[in-house]
Structure formats: C-alpha cells, structure tokens
Amino acid sequence: MTKTFIEALLFASVAINAALLLLVAWVYRTMLTALDEAIFKDLTDLLVRYSSKSPFMIITLTIPLIGAIPYYYFYGFGNWWITSGLGLWLVAGNIAKMLKVPVYKEIATLKNDDVVQLKEARHKMNMGNIFQAVLYSTATILMAIGLN
C-alpha cells in the first residue's frame with residue numbers, strides 16, 4: 001500500500017465519522033426537537049444503548065485512530081494536513097465525549113415527566129452534537145487539502 005492510498009483511507013474514515021455526526025446533529029436533532037420530552041428521553045436512551053454496543057459504530061468511530069498508528073509508524077508526521085485533521089478529529093471526539101456522556105447519563109436518570117430538565121438536557125446534547133459535527137467536518141476538510 002502506498003502512502004497516498006493510506007492517506008485516502010484515513011480521510012475516508014474521518015469523512016464517514018463527520019457524515020454520521022452531521023446526520024445526528026441535524027437530522028436526528030430536528031426529529032427529536034419535534035417530539036415531546038418523554039419520547040425524546042425514550043429515543044435517546046435507545047440510541048445510546050444500541051449505538052454504544054453496535055459493532056458498526058465502534059469500528060467506524062475507531063478506524064481513524066487505529067489506522068493512524070501504522071501510518072505514522074511507516075510514514076511519519078510529514079503531511080501536516082493529514083496530521084492536523086487527525087489531531088482535530090481526536091481532540092474533538094474527546095471533548096465531545098466529555099461534554100455529551102454526562103448529558104446522556106443525566107437523561108437516563110431523569111423521569112419522563114421531568115420536562116424542564118429534559119429540555120435543558122436536549123439543548124446540551126444538541127450543542128455537543130453540533131460542536132462535534134462542525135469540528136469533524138473541519139478535520140475532513142483539512143485532510144482533503146493534504147491528499148496528493
């Protein structure tokens with residue numbers, strides 16, 4: 001495999017991550033906003049439960065990290081666009097996780113009739129998803145610039 005091919009694979013994996021987050025941040029958010037708080041809570045609980053155990057989600061969201069290890073071992077850090085994109089992807093994912101996991105836990109502990117708290121949690125979750133989607137998209141753009 002050539003360096004260009006591996007960079008294209010890394011780019012594609014980060015782009016898929018960005019696309020998933022864009023789906024969640026805009027399509028899923030719009031759908032959840034249209035629902036009442038009880039249904040929002042139930043759907044969010046299901047999403048967290050099934051996505052955290054989904055082999056597809058686990059593999060898709062970790063491919064850039066796993067792929068970066070041999071890439072840097074064999075080719076070093078010479079392509080700063082790829083490195084900056086992967087770095088931004090990694091930092092954004094970690095920050096988003098720190099922001100969103102407590103919100104998901106909070107939603108799980110709330111009751112369906114805790115309307116005010118669920119509205120606040122929905123807002124926090126939406127902002128975290130938008131934040132992550134924007135940064136993942138930016139990481140994708142940075143990596144696209146670095147493709148030869």
Between [atom1] of [X] and [atom2] of [Y], what distance do you get to the nearest 0.5 Å?
X      : Y      : atom1 : atom2 : answer
Asn17  : Leu22  : CG    : CG    : 11.0 Å
Leu61  : Phe56  : CG    : CZ    : 8.0 Å
Ile58  : Ser52  : CD1   : OG    : 7.0 Å
Asp113 : Asp36  : CG    : CG    : 11.5 Å
Gln117 : Glu120 : CD    : CD    : 6.5 Å
Phe11  : Ile82  : CZ    : CD1   : 8.5 Å

Ignoring hydrogens and angles, tell me if any N or O in the side chain of [X] forms a donor-acceptor pair with the backbone of [Y] under 3.5 Å.
X      : Y     : answer
Asn112 : Glu37 : no
Ser13  : Leu10 : yes
Arg29  : Ala25 : yes

What are the two closest non-hydrogen atoms of [X] and [Y], and how far apart are they?
X      : Y      : result
Ile6   : Tyr75  : CD1-CE1, 3.6 Å
Lys111 : Leu118 : O-CD1, 3.5 Å
Ala108 : Asp45  : CA-OD1, 3.6 Å
Ala18  : Thr140 : CB-OG1, 3.6 Å
Tyr71  : Asn79  : OH-CB, 3.6 Å
Gln132 : Ala92  : CG-O, 4.4 Å

When clusters are formed by joining ILVMFWY residues with side-chain heavy atoms under 4.5 Å apart, either directly or through shared neighbours, do [X] and [Y] land in the same one?
X      : Y      : value
Met127 : Val101 : no
Leu110 : Val115 : no
Leu90  : Tyr136 : yes
Phe77  : Tyr73  : yes
Leu43  : Leu23  : no

So, do [X] and [Y] sit near enough that their side-chain heavy atoms are less than 4.5 Å apart?
X      : Y      : answer
Trp26  : Ile130 : yes
Thr138 : Ile141 : no
Leu21  : Val134 : no
Lys119 : Arg122 : yes
Leu65  : Trp89  : yes
Phe40  : Ile107 : yes
Thr33  : Asn126 : yes

Under the side chain to side chain contact (heavy atoms under 4.5 Å, CB included) rule, what do Leu32 and Leu35 come out as? Steps first, then yes or no, please. CA-CA 5 Å; Leu32 288 181; Leu35 302 173; 4.0 Å; yes
Any chance CH2 of Trp80 has more than 12 other-residue heavy atoms, nucleotides or ligands included, within less than 6.0 Å?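 No - once you tally the heavy atoms of other residues, nucleotides and ligands closer than 6.0 Å, there are 12 at most.
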Take Leu47 and Tyr28 through the side chain to side chain contact (heavy atoms under 4.5 Å, CB included) test and state the conclusion after the steps. CA-CA 10 Å; Leu47 175 72; Tyr28 190 70; 3.5 Å; yes
